[in-house]
Amino acid sequence: MPEGHTLHRLADDLTTAFAGRPVVSSSPQGRFAAEAARIDGRVLESAEAFGKHLFVAFADLPSVVHIHLGLYGSFVITPDVGHPVVGQVRWRLEGAATADLRGPNTCALLAPPEVDAIVDRLGPDPLRADADPDLAWHRIHRSELTIAALLMDQKVLAGVGNVYRAELLFRHGVAPMTAGRRIPRVRWNAMWDDLCALMRVGVERGRIDTVRPEHEPEAMGREPRVDDHGGEVYVYRRDGQGCLICGTPIRRRDVAGRNLFWCPSCQRRG
DNA sequence: ATTCTATGTCGAA
DNA sequence: TCGACCTAGAATA
């Protein structure tokens, strides 16, 4: 489930569930065993997200756990404690609750300079108060690359993935293959503001909902969408189905190994 | 039983 | 541009 909203939600939930108390730390699957043992019994200080990266800090330990969920990793918190391990659990934290990490791209104990290096190469994160949209604009407005590629580039924007990309482009009527330098400044400003609002909703609900109230299933007389990612969306994975606004079949195209979805009729502008 | 797919990223060809 | 990688559940045979 991992776009930026997932990691920010996770940071909040981990902090709420574990912060301020010692944790039991283990690696049932074994690949994080030595590090998990160093953490065992320490007090969890905080969990924080930057884009799709999650960092968990412990008292009296300068190093920080760096987690990246990749395409299919999950970190699930359950309120009970002591239940059996099911499947491959890279890292288990137990305190007032249990948190099981599975299938992460990365789970490593990093020294502060290494953490800084990761954060420094990320573009602005719409979910962070200190984010500066001008840094993203600076890269976009001088680029020959498509806006679809730029939105996914974590050096341009941190936290946007395949769903938010497709939905943001749809909501602003932007043709995905438009070069970054053809995006007007006013358009980018509107897209940034919208992205901040959309991703906040994502954190609150724990899913990606992008459909405006007037197009929601109840208002349109259609069934709510049921899909793996769980949200109400305009174009993501709706290829072949009619656009919720104009009825034109949604298109899908493989771009750099990822599926891009868009409405060829509603999305024509730069 | 096997193959496929997924909200991601890296590095080699 | 392609394969590799981390895992689970759905789809296909």
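Just so it is clear: chains get the letters A, B, ... in the order the sequence lines come, proteins before strands, and each one is counted from 1.
Between A/K52 and the phosphate of B/dT9, there is a side-chain N or O to OP1/OP2 separation shorter than 4.0 Å. Proximity of A/H5 to the phosphate of B/dT7: no side-chain N or O atom is located under 4.0 Å from OP1 or OP2.
Ring pair A/W192/A/W188 is tilted by interplanar angle, where 30° to 60° counts as tilted.
Within the nucleic acid shown, A/G87 comes within 4.0 Å of sugar-phosphate atoms alone, with no base atom in reach, counting heavy atoms only. Within the 4.0 angstrom heavy-atom criterion, no nucleotide atom of any strand lies near A/R252. Residue A/N105 is classed as a base contact, given a heavy-atom separation below 4.0 Å to a base. At the heavy-atom level, A/G103 lies under 4.0 Å from base atoms of the strands shown.
The two residues A/P213 and A/A219 come nearest to each other via the heavy atoms O-CB, 3.8 Å.
A heavy atom lying under 4.0 Å from DNA chain C marks none of the residues of residues 164-180 of chain A.
Qualifying side chain to side chain contact (heavy atoms under 4.5 Å, CB included) partners for A/P22, counting only residues two or more places apart in sequence or in other chains: A/V43. Not counting sequence neighbours, the partners of A/N259 by the side chain to side chain donor-acceptor pair (under 3.5 Å) test are A/R252.
Looking at A/H138 and A/R142, their side chains do bring a donor and an acceptor atom within 3.5 Å of each other. Judged by distance alone, the side chains of A/R102 and A/Q88 never bring a donor and an acceptor atom under 3.5 Å apart.
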